[in-house]
Amino acid sequence: MMRRLPILLVAAFLAITLARVAQFTALHMRAGALGWLFAAGLGVAVYTASYWTRTATTRRAAGVALVFFVAVDSYFNFADTWLAADTSTPLIAAGAVLYGLFPTVSVALLGWLSG
C-alpha cells in the first residue's frame with residue numbers, strides 16, 4: 001500500500017489541478033472542451049517531466065520541461081483560486097496563493113519521488 005500511495009496522491013492532486021485549469025480556461029478564456037484537454041495534458045506533463053528528472057540521460061531536458069510546465073500549471077491554478085477568493089484580507093490572500101500552488105508542486109514532487 002505504501003508503494004502505491006504516491007500514485008494515489010498524484011491522482012488526487014491531478015484531479016484538483018485538472019478541474020481548476022479547465023474551469024479557468026473555460027470561464028475566462030472561453031476554451032470550452034479544449035480547456036479540459038489542455039488541463040489534462042498540462043497536468044500529465046508536470047508529472048511526466050518530474051518523473052524523468054531522475055534518469056541521467058533525460059535529466060537536463062526533463063528539468064527544462066518541468067520548469068516550464070510547472071510555471072504554466074501553477075499560473076492557471078493560482079489564477080483560478082485568486083479570482084475566486086476574497087483577497088482583500090492578507091491571511092486569505094496568502095491562503096489563496098498556497099491553495100493555488102500546492103497541487104502543481106505536489107504533482108511535481110510526487111512524480112520525482114515515483115521516479
Side-chain angles (χ1 to χ4, degrees):
M1 177 64 181
M2 289 304 288
R3 293 184 62 96
R4 292 185 188 181
L5 190 55
I7 298 298
L8 295 174
L9 288 170
V10 165
F13 289 123
L14 272 175
I16 292 168
T17 190
L18 176 101
R20 283 186 190 162
V21 172
Q23 177 175 296
F24 181 82
T25 56
L27 292 176
H28 300 287
M29 303 182 82
R30 312 274 190 253
L34 290 178
W36 284 95
L37 290 173
F38 175 77
L42 188 55
V44 171
V46 168
Y47 176 78
T48 304
S50 179
Y51 180 90
W52 286 106
T53 59
R54 301 268 315 238
T55 303
T57 57
T58 58
R59 182 171 292 130
R60 184 178 174 103
V64 171
L66 180 62
V67 168
F68 176 73
F69 293 136
V70 165
V72 173
D73 195 56
S74 292
Y75 173 79
F76 285 120
N77 271 291
F78 170 73
D80 186 58
T81 58
W82 187 264
L83 292 173
D86 176 15
T87 55
S88 61
T89 305
L91 189 60
I92 294 174
V97 171
L98 292 174
Y99 187 64
L101 300 178
F102 190 82
T104 300
V105 173
S106 296
V107 168
L109 290 173
L110 290 165
W112 176 72
L113 181 65
S114 297

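Since the model is a prediction, treat every value here as computed from it, not as a measurement.
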Worked check of side-chain contact (heavy atoms from CB on, under 4.5 Å) between Trp82 and Val97: CA-CA 7 Å; Trp82 187 264; Val97 171; 4.0 Å; yes

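- The aromatic rings of Tyr75 and Phe24 lie perpendicular to each other, with more than 60° between the two planes, well past the 30° mark.
- Using modelled atom types, no side-chain atom of Asp73 and backbone atom of Phe69 make a donor-acceptor pair closer than 3.5 Å.
- Residues Val70 and Val21 share a hydrophobic cluster, clusters being chains of Ile/Leu/Val/Met/Phe/Trp/Tyr side chains in contact below 4.5 Å.
- In this structure, Leu66 is a member of the same hydrophobic cluster as Tyr51, with clusters built from ILVMFWY side-chain heavy atoms closer than 4.5 Å.
- Residues Arg59 and Arg54 approach most closely at NH2-O, 3.4 Å, considering heavy atoms.
- Judged by distance alone, with hydrogens and angles left aside, the side-chain atoms of Thr53 form a donor-acceptor pair with the main-chain N or O of Ser50 at under 3.5 Å.
- The two atoms that bring Ala85 and Ile92 nearest to each other are CB-CG2, 4.3 Å, heavy atoms only.
- Across all non-hydrogen atoms, the minimal contact from Pro103 to Gly100 is CD-O, 3.8 Å.
- No donor-acceptor pair under 3.5 Å is formed between the side chain of Thr17 and the backbone N or O of Leu14.
- In terms of hydrophobic clustering, with Ile, Leu, Val, Met, Phe, Trp and Tyr side chains grouped at heavy-atom distances under 4.5 Å, Val72 and Trp112 are assigned to different clusters.
- Looking at Thr58, its side chain does come within 3.5 Å of a backbone N or O of Trp52 through a donor-acceptor pair.
- Rounded to the nearest 0.5 Å, atoms CZ (Phe76) and OG1 (Thr81) are 13.0 Å apart.
- Using a 4.5 Å heavy-atom cutoff, the side chains of Asn77 and Leu101 are not in contact.
- Between the side chain of Ser114 and the backbone N or O of Leu110, at least one donor-acceptor pair lies under 3.5 Å.
- Distance CG/Leu34 to OG1/Thr25: 9.0 Å, rounded to 0.5 Å.
- Cluster membership check: Ile7 shares its hydrophobic cluster with Ile16, using side-chain heavy-atom separations under 4.5 Å among Ile, Leu, Val, Met, Phe, Trp and Tyr.
- Tyr47 and Leu109 are not part of a single hydrophobic cluster, where members link through side-chain heavy atoms under 4.5 Å apart.
- No side-chain heavy atom of Met29 sits under 4.5 Å from any side-chain heavy atom of Phe38.
- Contact of the Arg20 side chain with the Tyr99 side chain is registered, since non-hydrogen atoms from C-beta on lie closer than 4.5 Å.
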